There are 2 protein chains.
Amino acid sequence: MKENIDKQLQARNIKPTTMRQLVLQVLTVQKTAISLPELENKFEKADKATLYRTLKTFEENKLIHSIDDGTGSVKYALCREACECHPEDLHVHFSCTVCGQTYCLTDIPVPKIHLPAQFQLESVNMVVKGICSNCDK
Amino acid sequence: MKENIDKQLQARNIKPTTMRQLVLQVLTVQKTAISLPELENKFEKADKATLYRTLKTFEENKLIHSIDDGTGSVKYALCREACECHPEDLHVHFSCTVCGQTYCLTDIPVPKIHLPAQFQLESVNMVVKGICSNCDK
DNA sequence: ATAAACTTTGCAACCCGGTTGCAGGAACAT
DNA sequence: ATGTTCCTGCAACCGGGTTGCAAAGTTTAT
C-alpha cells in the first residue's frame, strides 16, 4: 500500500512527504469527491493551509481534479492513472441534493459542445444534480 | 420601457418595487451574466442584502437563473420569457478565462445524460471555460 | 560533517461572497 | 387611522479560500 502511494506521487513528480502520503491515502480510500473542509475533518489535528496547498500541488500535477458542484465548496477526486485533464479526458459529475455527496461518473464523458465561432474551449465543468442511488431507497 | 419592466415582474408574480425595477433594468441591459458583487457596483449606493434578496426573489420566481461558473461568485441572467427552468430548458454557459464574462449560450441546450440506475436527475450546471470571441481577437 | 539553499509545514490573519437578525419604513387592507 | 404584511437598510456573522511569515525539515555543495 505504502509503496503504491509513493509510486503514485513520484509518477506525478510530487515529493512524497508524510503529509502528502496521508492526504493521498484519504483520497484513495474515499469513493466520492471530497472538499477541503471535509478533508480537514478527516484528521485530528491538521492545518487548513497545509491541506490546501497539498491539494493545490496534487491538482497542478494532475494527480487529482477539482469539481465545482455548486455547494459552495470545491471538491477533489483522484484522476485516472494517465489522466492529463484534457477536455476529452473529462467526465460528468453527480451531486446529490440529499446527502451532499459528489460522484465521479467516470464512465460518462462530457459531451462535445459545438461552440459559436471564435470561442475557444479550454475545459468543461458539468455537474448533474439530483438524488443518488443511496438516497433513492 | 418602464411598462415592459413592470409587465415582466407581474408576469412572474413579483411586486414591482423601485428596487426591483432598477435591478431588472440592469439585468435587461446586461448582455452577460452578472454576480451579486458586480451588481452592487452598478449602483452608487445600494445595500448588498437587499440586492441579494432581490436576486433570490427573482430566481425563485424564475425570472432569472443562476450559474456557478467556478469563479467564486454565482452569476445571474434573465430567463427566456416562458422558462420554467426544467432540465430540458437549460442551456450551456461559457465563462471566459480572460475577461471573466459569463455568456448564456441560449442556442446550445445541455445534452441529455443517461445516468446510472437509481440516479434521479433534477438539474444540470454545464459551464464551458475558454476564451470568448471578444478576447480572441 | 557542516553550512548554505531550498522546500514544506503550521500558525495567524485576512479577504470576500453569501447569509441572517432586526428594526424602521412603505404599501395595503380594514 | 390602525393593524398587518411586505420590503429595505444596516450591521454583524459565517465559512471557504488564500497569503505572509517564521520555524522545521530536506537537499545540495563544500
Side-chain angles (χ1 to χ4, degrees), chain A residues 5-6 9-10 12-26 33-61 63-77 95 100-102 125 127, chain B residues 5-6 9-10 12-27 32-61 63-77 95 100-102 125 127:
Chain A
I5 295 279
D6 281 5
L9 289 171
Q10 270 147 12
R12 295 292 189 173
N13 282 310
I14 302 166
K15 280 190 208 154
T17 67
T18 312
M19 202 67 237
R20 289 168 181 176
Q21 289 166 345
L22 289 170
V23 172
L24 180 50
Q25 183 68 47
V26 170
I34 191 173
S35 67
L36 174 55
E38 283 164 359
L39 186 60
E40 258 184 286
N41 293 334
K42 295 267 175 184
F43 296 94
E44 283 293 311
K45 168 196 158 297
D47 178 46
K48 194 172 53 151
T50 304
L51 293 174
Y52 169 74
R53 285 185 276 229
T54 302
L55 289 175
K56 284 288 168 198
T57 303
F58 284 7
E59 190 182 14
E60 274 161 26
N61 292 278
L63 180 58
I64 62 176
H65 60 279
S66 64
I67 310 113
D68 189 333
D69 62 6
T71 58
S73 58
V74 179
K75 304 228 169 116
Y76 299 88
S95 168
Q101 297 289 329
T102 295
N125 187 42
V127 178
Chain B
I5 294 279
D6 281 5
L9 289 171
Q10 271 147 10
R12 296 292 188 172
N13 282 311
I14 303 166
K15 279 191 208 154
T17 67
T18 312
M19 202 67 236
R20 290 169 180 176
Q21 289 167 344
L22 288 172
V23 171
L24 180 50
Q25 182 69 47
V26 169
L27 288 168
T32 52
I34 191 171
S35 67
L36 174 55
E38 284 164 358
L39 186 59
E40 257 184 286
N41 292 334
K42 295 266 176 185
F43 296 94
E44 283 293 311
K45 169 196 160 300
D47 178 47
K48 194 171 57 151
T50 305
L51 292 174
Y52 169 74
R53 285 187 276 233
T54 303
L55 288 175
K56 283 288 167 199
T57 304
F58 284 6
E59 190 182 13
E60 274 161 27
N61 291 280
L63 180 58
I64 62 177
H65 60 280
S66 64
I67 310 114
D68 189 333
D69 60 8
T71 58
S73 59
V74 179
K75 304 229 170 118
Y76 300 88
S95 168
Q101 297 288 330
T102 295
N125 186 42
V127 178

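Everything numeric in this text was worked out from a predicted model, so none of it was measured. In what follows, chains carry the letters A, B, and so on, assigned in the order in which the sequence lines appear, proteins first and then strands, with residues in each chain numbered from 1.
Side-chain N or O atoms of Asn125(A) include one that pairs as donor or acceptor with a backbone N or O of Asp68(A) at under 3.5 Å. A donor-acceptor pair is defined here as one N or O able to donate and one able to accept, closer than 3.5 Å; such a pair exists between the side chain of Asp69(A) and the backbone of Thr71(A). Here the side chain of Arg12(B) pairs no donor or acceptor atom with the backbone of Phe58(B) at under 3.5 angstrom.
Counting any heavy atom pair closer than 4.0 Å across all strands shown, Arg20(A) reaches sugar-phosphate atoms only and no base atom. Residue-level contact check: Thr50(A) touches the bases, meaning some heavy atom is under 4.0 Å from a base atom. Residue Lys15(B) is classed as a sugar-phosphate contact, given heavy-atom separations below 4.0 Å to backbone atoms only. Counting any heavy atom pair closer than 4.0 Å across all strands shown, Lys56(B) reaches sugar-phosphate atoms only and no base atom.
Closest heavy-atom contact between Met19(A) and Thr54(A): CG-OG1, 4.3 Å.
For the pair Met19(A) and Leu36(B), nearest-nucleotide mapping onto DNA chain C gives the more 5' position to Met19(A).
One can place CG of Asn61(B) at 13 Å from P of dC6(D), the figure rounded to the nearest angstrom. Straight-line distance from the CZ atom of Arg53(A) to the C1' atom of dT18(D): 9 Å, rounded to whole Å. For the pair Ile34(A) CD1 and dG16(D) C1', the computed distance is 15 Å after rounding to whole Å. Between Asn13(B) atom CG and dC6(D) atom P there is a gap of 14 Å when expressed in whole angstrom units. One atom, CG of Asp47(A), and another, P of dT18(D), lie 15 Å apart when rounded to the nearest Å. The nearest whole Å value for the distance from the CZ atom in Phe43(B) to the P atom in dC10(D) is 15 Å. One atom, CG of Leu51(A), and another, C1' of dT18(D), lie 14 Å apart when rounded to the nearest Å. Atoms CG (Leu39(A)) and P (dG17(D)) sit 11 Å apart, rounded to a whole Å.
Put simply, the side chain of Lys48(B) and the base of dG9(D) share no donor and acceptor less than 3.5 Å apart.
Here chain A contacts DNA chain C (any atom closer than 4.0 Å to a heavy atom, that is under 4.0 Å), and the contacts span dT7(C) to dA12(C) from 5' to 3'.
In this structure, the separation between CG on Asp6(A) and NZ on Lys15(A) is 14.0 Å, given to the nearest 0.5 Å. For the atom pair OG1 of Thr102(B) and CD of Glu38(B), the computed distance is 8.0 Å after rounding to the nearest 0.5 Å.
Close to dT18(D), at under 4.0 Å from its OP1 or OP2, lies a side-chain N or O of Tyr52(A).
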After noting the C-alpha distance and the side-chain angles of Leu36(B) and Val74(B), does the key distance pass the side-chain contact (heavy atoms from CB on, under 4.5 Å) rule?
-> CA-CA 7 Å; Leu36(B) 174 55; Val74(B) 179; over 6 Å; no
